[in-house]
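Owing to the predicted nature of the structure, the values given are computational and were not obtained by experimental measurement.
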Protein chains: 2
Amino acid sequence: MYRTNGAATGGANLPSLRSHNTALVLDLLRTAGPDGISRLELAERTGLTPQAVSKITARLRAEGLATEAGRRASTGGKPRTVLRLVPEAGHAIGVHLDRDELRAVLVDLDGTVTAQRRIPLDLGAGSDAVVDAVVRETGRLLADGAEGAAREPDGTRGPRTADGTAGARATAGTEDAGPSDGSDGPQGARPGDVRTLLGVGVALPGPLDHDRGVLHRVTGFPEWDGFPLRDALARRLGVPVVVDKDTNAAALGLAVGGERGSFAYLHLSTGLGAGLVLGGTVHRGARTGAGEFGHQVVQLDGPPCPCGNRGCVEALCLAAIDHGDLPGAARVLGVGAANLAALLDIDRVLLGGRTVAGAPEVFVRGVAAVLDDRARREGATDGTVPVTLAPAGARAVAEGAAQLLLAPLFGRANG
Amino acid sequence: MYRTNGAATGGANLPSLRSHNTALVLDLLRTAGPDGISRLELAERTGLTPQAVSKITARLRAEGLATEAGRRASTGGKPRTVLRLVPEAGHAIGVHLDRDELRAVLVDLDGTVTAQRRIPLDLGAGSDAVVDAVVRETGRLLADGAEGAAREPDGTRGPRTADGTAGARATAGTEDAGPSDGSDGPQGARPGDVRTLLGVGVALPGPLDHDRGVLHRVTGFPEWDGFPLRDALARRLGVPVVVDKDTNAAALGLAVGGERGSFAYLHLSTGLGAGLVLGGTVHRGARTGAGEFGHQVVQLDGPPCPCGNRGCVEALCLAAIDHGDLPGAARVLGVGAANLAALLDIDRVLLGGRTVAGAPEVFVRGVAAVLDDRARREGATDGTVPVTLAPAGARAVAEGAAQLLLAPLFGRANG
DNA sequence: CCCACTTTCGCAACGCTGTTGCCAAAGTGC
DNA sequence: GCACTTTGGCAACAGCGTTGCGAAAGTGGG
């Protein structure tokens, strides 16, 4: 996959070729983590020639995005030099607006959270109040990040494992990592530096338009209808802003965090929604409407749902939870998940959200049981679809929101 | 989107850039049809410079794939020269293996059916018999096509419209399908000429592996399990062969035939399945399992289905049809379609298959009613999802199967 | 310790892509 | 008939990945 320069045209020229390959290399560097990856390995993985990789990585090093980091053991000749990403070369902020709280994270290039904040929030308080809150919290996050970086890189590491202890020595140095002084050159290595801030990603529940950054009707708060959140925030913050549904952000975060292929992230809290990743890309549909999973009808003459239909998964699921019947809720969720898995032939189902977090094993087991059953009945040829807990936990949405700005750097398409 | 040269690597080099842009131009030429399109228009639509388009089209003309076709009215300067595809420069054969019949079409570059055949077939007769039948019918198709072309290029135009009465004279030919006659020069302009045959696409119902071209278990005929249909046919025919599910082939045909964006093709005959096109590309999933729509559960405690579950759409739908309750069947189908449309945010639902063909309006109206209802209840912001009849009719699958080989030429990704 | 060998990786030349500058060709309209 | 507009090819160009080749940096046998 490959995103060209201009509009929805599709024509590719040399600059677009270059940025495509650069993004590819950058993504492999990111995926390799602090351990790094050699040039020849990059060449194998991309299909490019070693020489092309050398040129690309030389450029990345000159720009301060990559650096050499030791060498591998020799196999009888000159040992391979290991390259790795310089995480401090770029940052993004991810904001999760939930109905009752705001979570924000400052994340560096490899996805490591370097600072985070969390405050209560009333989404119904109106657009001005919420925009103000976002502006205030992002400002504090930047201050925290800069300060934290000056002290010591904070222990919270990356989405994957990573006990890494990357560079970033203390001494808020004057060290000025720029090769060519003056100029607009390479981004400095000062974490939290506003100059390395690529933008702010905002994720929230309601139906909205990802492409235009406009909210439709945030469920329960009609006064938000039509509010141009992206532009309003971009004006106040002075950096690019991207808006998306919370489930999409979480799914993107998982995809970038190493989850491969196609999967569905099912989010169960006050509502039930899904984020779909198909072939490595978040599927939003033309109107950012995809992932409407909760109002899937699974019982034709079932109980009425506030949405107007009868027998929606969400209604049945929440009713079961209300009665304390968590296994029953899991079973209903499993039926919806099985419908989805069969329709899309996905590789995995990931569960998240507060309700799931309250009894993770019940839900994982319950959903898996339904999927296994159905696979077995249909004579599974390739085994069944695994069900697991989404790893990122409560910060999943905020981290994914930050990835709305980082992912494009690594060639992960985004609107 | 953009398909690189090598394996699943993603690295792009100049040849891949070139073929990408060439495919793009070729696709615009194809879409423009016999009316053609000017160089400057191609430049606008691709985002390339006029000069780049000139070079690309010059190459295409030299290869015999495009030609000049008149000029437009002047707008005060030199009038634009119109270019169009040379449809006779390439052909493909599409074969539809259904449970009781075989349909095969010979199609040229712009999708026009130039010859077709249809014979009774028993899918249960075993692999040898079926492979023999396919080989025999493709041979006759080529003979028919060559003969029809020798007489007069026949009037049936275009993949859209089509109430086709194309060639398909009887008279089985001897014309030996040997590929390697003389040189490999520019494809001659002899329609039906074997040398312009790009390959054969085969579409059939059962679960199968599109990537490997292997059948799993064709529903009802266990002896097919694991049969490597693609390789067996490729060996016999001496041309590339691609295998896919019937619903995917039909969906591909619709996508290439002008249906834009994302849509679902719902096929209702002896079973119920779906072909999904998301963002212009057929979504198959990693195991060609996507589109399993019929065994979506919409009634938790519904009647048992042969598949082992309860309350599958297919079971409910077919039961209603069995009782002569077509509106009821349409309503159930509509519930499933609405679930799908909400989950994927598609732009359109297209209905096809024999059962639908038997009472098209009942099904279209019934399904549309459910979708409209749900959209209205959820406060549709963008209007509702339109439901229409799939245009190609009974030949839809065979024509789509042929597109399995043509589509890649036009940059429409395929396995 | 030295020398042959292997492996990595950068420099230089190259082929080919789309791009830019320029001009001939082919119309319109006064 | 002449000024003007618009199209589209030729030629030079910049920049991409590729190829050829050699320096650098190891291993391992004598």
Side-chain angles (χ1 to χ4, degrees), chain A residues 2 4-6 9-26 28 36-63 66-83 411, chain B residues 2 4-6 9-26 29 36-63 66-83 411:
Chain A
Y2 168 51
T4 56
N5 43 349
T9 52
N13 50 19
L14 284 130
S16 68
L17 182 75
R18 166 179 161 148
S19 66
H20 170 74
N21 287 335
T22 304
L24 215 61
V25 168
L26 223 36
L28 289 173
I37 183 172
S38 72
R39 287 179 181 80
L40 285 172
E41 210 174 331
L42 287 169
E44 282 172 28
R45 302 273 290 267
T46 55
L48 298 172
T49 59
Q51 194 51 234
V53 170
S54 272
K55 284 189 181 177
I56 292 169
T57 54
R59 220 166 41 220
L60 290 175
R61 285 190 299 152
E63 289 167 357
T67 186
E68 298 195 340
R71 42 190 49 184
R72 293 230 194 287
S74 166
T75 61
K78 177 173 175 177
R80 302 183 173 185
T81 311
V82 171
L83 300 171
Chain B
Y2 169 48
T4 56
N5 45 349
T9 52
N13 50 19
L14 282 117
S16 67
L17 181 76
R18 166 181 163 148
S19 66
H20 170 74
N21 286 336
T22 304
L24 216 61
V25 168
L26 223 36
L29 286 171
I37 183 172
S38 73
R39 287 179 181 78
L40 285 172
E41 210 174 330
L42 287 170
E44 283 171 27
R45 301 274 289 271
T46 56
L48 298 172
T49 59
Q51 194 51 234
V53 171
S54 273
K55 285 188 181 178
I56 292 169
T57 55
R59 219 164 43 217
L60 290 175
R61 285 190 299 150
E63 291 168 354
T67 187
E68 299 197 339
R71 41 190 49 184
R72 293 227 194 288
S74 166
T75 61
K78 176 174 176 177
R80 301 182 173 188
T81 311
V82 171
L83 301 170

For DNA chain C, which nucleotides open and close the run of contacts to chain A, 5' to 3', at under 4.0 angstrom from a non-hydrogen atom?
C:dT6 to C:dT19
With respect to the phosphate group of D:dC16, does any side-chain polar atom (N or O) of A:N21 fall under 4.0 Å of OP1 or OP2?
no
Is there side-chain contact between B:N13 and A:L17, with heavy atoms separated by less than 4.5 Å?
no
Toward the 5' end of DNA chain C, by each residue's nearest nucleotide, A:K55 or A:L14:
A:K55
Selection: residues 70-78 of chain A, any non-hydrogen atom under 4.0 Å of DNA chain D:
A:R71, A:S74, A:G76, A:G77, A:K78
To the nearest angstrom, the CD-P distance between B:E41 and D:dT7 comes to 11 Å
With sequence neighbours excluded, tell me which residues meet side-chain hydrogen bond (donor to acceptor under 3.5 Å, both in side chains) with B:R39.
B:E68
Consider the side chain of A:R18, meaning its heavy atoms from C-beta on, and name the nucleotide among D:dC16, D:dT18, D:dG9 that approaches it most closely.
D:dC16
Along DNA chain D (nearest heavy atom to each residue), the more 5'-positioned of A:I56 and B:P79:
B:P79
For B:N21 and A:G10, the nearest pair of non-hydrogen atoms, with its separation, is OD1-O, 4.5 Å
Given atom CG of B:L42 and atom P of D:dG9, what is their separation to the nearest angstrom?
12 Å
What's B:S38 touching, base or sugar-phosphate or nothing? Going by heavy atoms closer than 4.0 Å.
nothing
The side-chain contact (heavy atoms from CB on, under 4.5 Å) partners of A:L60 (sequence neighbours excluded) come to A:T22, A:V25, A:L26, A:L29, A:I56, A:E63, A:L65, A:A66
Any residue meeting salt bridge (charged side-chain N to carboxylate O under 4.0 Å, His left out) with A:R59, in chain and number order, not counting sequence neighbours:
none
Under the rule for side-chain contact (heavy atoms from CB on, under 4.5 Å), what residues qualify as partners of A:A69, not counting sequence neighbours?
A:R84
If the condition is side-chain contact (heavy atoms from CB on, under 4.5 Å), which residues does A:S74 pass it with, not counting sequence neighbours?
A:P79
Who passes side-chain contact (heavy atoms from CB on, under 4.5 Å) against A:A43, sequence neighbours left out?
A:P50, A:V53
With sequence neighbours excluded, residues passing salt bridge (charged side-chain N to carboxylate O under 4.0 Å, His left out) with A:R72
A:E41
For A:L17 and D:dG17, give me the distance from atom CG to atom P, rounded to whole Å.
5 Å
Ignoring hydrogens and angles, does a donor from either the side chain of B:Q51 or the base of D:dG8 sit under 3.5 Å from an acceptor on the other?
no
